[in-house]
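Below, chain A is the first sequence line, B the second, and so on; all start at residue 1.
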Protein chains: 2
Amino acid sequence: MGRKRFGDMNCGIAQALEAFGDWWTLLIVRDAFFGARRFGDFETNLGIAKNILSDRLQRLVEHGIFSKQPVAESAQRFEYRLTEKGEALLPVLTTLRDWSDEWVFGKGHEPVIVKDRATNRRIPRMRVTDVDGRPLGRRDLRTEPGPGASQQTLRLLERRRQGPL
Amino acid sequence: MGRKRFGDMNCGIAQALEAFGDWWTLLIVRDAFFGARRFGDFETNLGIAKNILSDRLQRLVEHGIFSKQPVAESAQRFEYRLTEKGEALLPVLTTLRDWSDEWVFGKGHEPVIVKDRATNRRIPRMRVTDVDGRPLGRRDLRTEPGPGASQQTLRLLERRRQGPL
DNA sequence: CAGTATCCTCGCAGATACTG
DNA sequence: CAGTATCTGCGAGGATACTG
C-alpha cells in the first residue's frame with residue numbers, strides 16, 4: 001500500500017519530513033544554497049535522474065520552498081530559487097552538518113556497520129577518504145558555496161558562525 | 001536499480017541522510033526522546049509494521065544511535081536507548097520543529113498544494129486541525145515528553161530554551 | 001538545454017503467520 | 001511481548017527516448 005503519509009500528524013517533525021523528508025530533496029536544497037539555479041545545475045551536481053529531479057523541483061515549488069522564474073525576459077528557460085521559506089532551511093542543513101562532523105566524521109566516529117545485501121552479513125562500511133585513500137578529516141568535508149550563491153545566502157552562511165556546509 | 005546511496009558522498013548532510021534520512025527513522029528517534037524504549041512502544045506509537053520497525057531499530061543500533069540492552073538481568077526482553085550520539089540528534093529535531101512552526105503552521109503559512117495521484121491535478125492539502133475541525137495554532141502542536149523520558153533527555157530539552165518537540 | 005513520457009526494476013513497506 | 005520470516009504490491013527511482 002505504499003508509504004504512509006505524515007501530513008496529518010500533529011507534529012512539526014512529521015510535517016517537515018512530509019515536505020523534504022525523502023532522499024533527494026534536502027540535497028537539492030543544499031545545492032541551491034551553493035548557487036545551483038538551473039535544472040541542469042542540479043542534474044549534473046547530483047547525478048539524479050531527470051524525471052525525479054523534475055518531480056522534486058515541482059514539489060519544492062508547491063511547498064513554497066523554491067520559486068520558479070523565467071531566467072531572462074520572456075524566455076523559455078527557468079530558474080529555481082530559494083524563497084524565504086527555503087532560506088529558512090539553512091539551520092536544518094547546518095545542524096545536520098554539525099552532527100555528522102562530530103559523530104560520523106569526528107572524534108566520536110566508529111566505523112559504521114551495514115548489511116551486505118547479497119550475503120546478508122554485517123560489514124563495516126567504507127570510510128570516507130580522498131582519491132588517494134587517505135582518510136578525510138572534518139575540515140576537508142566542508143563544501144564551499146559556489147559562485148552562483150546569492151548575497152543573501154552568503155550573508156546567512158556568514159552569520160552566527162554557521163560556516164560553509 | 002534501487003536507490004542511490006549517499007554514504008560515499010563527501011558531505012555531512014549526505015552522511016546524515018544515509019543514517020536517518022528515510023521516512024520512519026527520525027520519527028522513531030523522536031519517540032525515543034519521549035520515552036519510548038521497548039519494541040512495542042514504538043510500534044503502537046507510530047503504527048509502523050513490525051518488520052520495518054525491526055529493520056530500522058537494527059539500523060539505528062548499527063549506526064550507534066540506539067543501544068540495545070536487556071531490560072532486566074538475563075531477560076529475553078530488550079530495550080532501545082539513545083546513545084550519546086543519538087542524544088546529539090536533539091538539535092536536528094528541534095530545528096525541524098522550529099522550521100515547521102514558522103513556515104508550515106505559523107505566520108508564513110500558505111496552504112500547501114499537492115498533486116492528486118488519480119487525477120494528477122493540484123489540490124490544496126488539508127490543513128492541520130483538531131478533531132472538531134478547528135485549525136491548530138503552533139502552541140497546540142508541541143508534544144510533551146512522556147513519563148519514560150530520561151533525566152538526561154529532560155535536561156537536554158530544558159537547556160537552551162529548546163522546549164518540547 | 002530543459003524538461004516530459006514511458007518502461008522497467010527493485011526497495012520499501014504493509015499484512016500476516018510463526019516462534020520463543 | 002518481541003521479534004523473525006515470508007508473501008505481496010505499490011511506487012520511488014533509474015534509464016532512455018522524445019519534444020520544443
Write down the atom of B:Gly64, the atom of B:Lys85, and the distance for their closest heavy-atom approach. O-CB, 3.5 Å
Closest-nucleotide 5' rank along DNA chain D - winner of A:Ile48 and B:Phe78: B:Phe78
Report the residue (A:Gly47 or A:Arg77) whose heavy-atom-nearest nucleotide on DNA chain D is the more 5′ of the two. A:Gly47
Taking it one step at a time, do B:Phe20 and A:Trp99 satisfy ring-ring contact (aromatic ring centres under 6.0 Å, His included)? CA-CA 12 Å; B:Phe20 53 84; A:Trp99 183 83; 5.2 Å; yes
Take A:Asp41 and A:Tyr80 through the side chain to side chain contact (heavy atoms under 4.5 Å, CB included) test and state the conclusion after the steps. CA-CA 10 Å; A:Asp41 294 340; A:Tyr80 301 87; over 6 Å; no
Both A:Phe39 and A:Trp23 contact DNA chain C. Which one's nearest nucleotide lies toward the 5' end? A:Phe39
For the side chain of [X], counting heavy atoms from C-beta on, which of [options] is nearest?
X       : options               : answer
A:Ala49 : D:dG3, D:dA15, C:dA15 : D:dA15
B:Arg5  : C:dG11, C:dT4, D:dA15 : C:dG11
B:Trp24 : C:dG14, D:dA2, C:dG3  : C:dG14
A:Lys50 : C:dA17, C:dA2, D:dG14 : C:dA2
A:Asn51 : C:dG3, C:dT16, D:dA15 : D:dA15
B:Arg38 : C:dG14, C:dG3, D:dC1  : D:dC1

For B:Tyr80, which contact category applies under a 4.0 Å heavy-atom criterion: base, sugar-phosphate, or nothing? sugar-phosphate
Kindly confirm or rule out a cation-pi arrangement of A:Lys68 over A:Phe78, judged by NZ or CZ under 6.0 Å from the six-membered ring centre and within 45° of its axis? yes
Could you give the CD1-to-P distance, from B:Ile52 to D:dA2, as a whole number of Å? 19 Å
Nearest whole Å is fine: how far is C:dC12 C1' from B:Ile28 CD1? 13 Å
If pairing means Watson-Crick or G-U wobble with both distances under 3.5 Å, then the partner of C:dG20 is D:dC1
Does C:dT9 have a Watson-Crick or wobble partner in any strand here, with both distances under 3.5 angstrom, and which is it? D:dA12
